[in-house]
Amino acid sequence: MNLQIFTHFGKFILWQKQIFKRPENWSMYYKETLRQMYDIGIGSFPIVFLISIFIGAVTAVQFAYQMAGTLIPRYYIGYIVRDMTIIELAPTITCLVLAGKVGSNMAAELGGMRQKEHIDAMEIMGVNTSTYLILPKLIGSLVMIPVLVCAAAIIGIAGAYLASVPTGFFMDDEFITGLRSFFVPYNVVMMFVKAFVFAYILTSVASYQGYFVRGGSIELGAASTRAVVYSNILILLADYVIALLLTV
Amino acid sequence: MIRVENIIKTFGKQEVLKGISFLFEAGKTNLIIGKSGSGKTVLLKILIGLLHPDSGSVWYENNNLTTSTKDQLRQIRLQCGMLFQGNALFDSMTIEENIRFPMDMFSHKTAKEKLHRVNDCLERVSLAGINHKYPSEISGGMQKRVGIARAIVLNPKFLFCDEPNSGLDPKTSITIDNLISSITKENNITTIINTHDMNSVMEIGENICLLDNGYLAWQGQKEMVLSDQSEVLHDFIFASPFLQKLVESAK
């Protein structure tokens, strides 16, 4: 069991080399990449929007509760919500959610193709399936997930504003002043670094689980679950490592 | 032609193929037959490079598949076409897109030339005019024929068919067999069919290899099947009580 982890890790690393091969036909890869970008970006926007707006709103309301009766200046709410959203909530929560939505979808799609012999059929045609099936997904994720994370940050801050200003928790100028205070552009860089790393993790782990699936529908379900669980664990681990590397 | 030499394949402790050597000839329909679990599918997968043998070699004319690199293997595969047992047609693509897929990937033809070739292939399998249907909208027999059309679209030198008649009625099976046989003759293809369908054996078996328990138990042509005294062959051919009764009544 323990040794299997090393086997999978080794296989995963060797497989990465297969993914980054020269495409057989650029236009086919281009079309497939656009399809993936649409699926990942447009397809995931509604759930990202919904989650971000509520997380922003809840963060603002919880901080209002925490700050009640303290000497902390009230405009800090905008500052805290902004930095928490940019540094942590937008990249991490968005990618954890995307691991569930996009990751399980990728694992199921590739696993289904494996079981229906579509991957074997492509191999026999001479297609490098690791490249053709995975590279467009990786490029699609690496382009669209940072965009989604950026959108999530903006929507999260908007959600915080909507939950705190119109409801009377804070004044408009208090929130905006906080939002404009102590801004460090490096935090945005950190957000994008996290978004890129998490996008790579969730796409490659989910694809690995789907691509190498064996057996029937039960195994496919298990692979899809593993794709989400392993992606989430690795995203949280990477989050900690990035925090250490970029802030300490 | 494809030549296999002393192929051995083991899964865990189970030895599935125990030293198979055979010559699959060009321009003929070569059949791999045998009971379920005799190693037919494993041999076919080794022939097309989806499995690697523990020892032995597979020669595509003068190219050794077993020692080839991934890029060499890809070059060999560009000369192959395959019809899968479950057809393996891409569900999200139309019939035209399915057949065009290998050309889109590997040929530099114009869109018009590709369409022309797709229509040629569809006509060859008597399915002209179904370009815009999806695989789910046509019958199992038609799906097999689309699978054949896709397999031959790049004019392969080697054609592999895994259980081409499974799930088909006897009449459609004969149509598929005759289609594969005539395509083989027209293009001088080395066709290898993995089957346990007795009609296929008697109709198109020009070069037959019978596997039994991992060994090559018998080889010959369809004309030799009924007269040969091989016990393993006899057991396999006359496994059906109906056939046994038919032979007894004929006697």
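Letters A, B, ... mirror the listed sequences (proteins, then strands); counts begin at 1.
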Next on the checklist: Whether A/Arg114 engages the ring of A/Tyr211 as a cation-pi pair (distance to the six-membered ring centre under 6.0 angstrom, angle to the ring normal within 45°) should be assessed.
Outcome noted: yes

Item to check | Cation-pi check, B/Lys9 onto B/Phe11 ring (under 6.0 Å, within 45° of axis) | outcome: yes

Checklist entry - What part of B/Asp91 lies closer than 4.5 angstrom to a heavy atom of chain A: side chain, backbone, both or neither? => result both

Checklist entry - Between B/Tyr60 and B/Phe158, what is the ring plane arrangement, given parallel below 30°, perpendicular above 60°, and tilted in between? => result perpendicular

Checklist entry - What part of B/Leu89 lies closer than 4.5 angstrom to a heavy atom of chain A: side chain, backbone, both or neither? => result backbone

Next on the checklist: Which atoms of A/Met28 are under 4.5 Å from chain B, going by heavy atoms: the side chain, the backbone, both sets, or neither?
Outcome noted: side chain

Checklist outcome for this item: Looking only at B/Gln75, B/Lys70, B/Gln79, most heavy-atom pairs under 4.5 Å shared with chain A are made by B/Lys70

Next on the checklist: Heavy-atom pairs under 4.5 Å with chain B: which of A/His118, A/Met122, A/Glu24 has the most?
Outcome noted: A/His118

Item to check | Check: A/Tyr200 ring centroid to A/Phe198 ring centroid under 6.0 Å | outcome: no

Checklist entry - Can you list the residues that meet the ring pair (Phe, Tyr, Trp, His ring centres under 6.0 Å) rule with A/Tyr132, with sequence neighbours excluded? => result A/Tyr29, B/Phe101

Item to check | Per-residue contact mode, B/Leu50 against chain A (heavy atom under 4.5 angstrom) | outcome: side chain

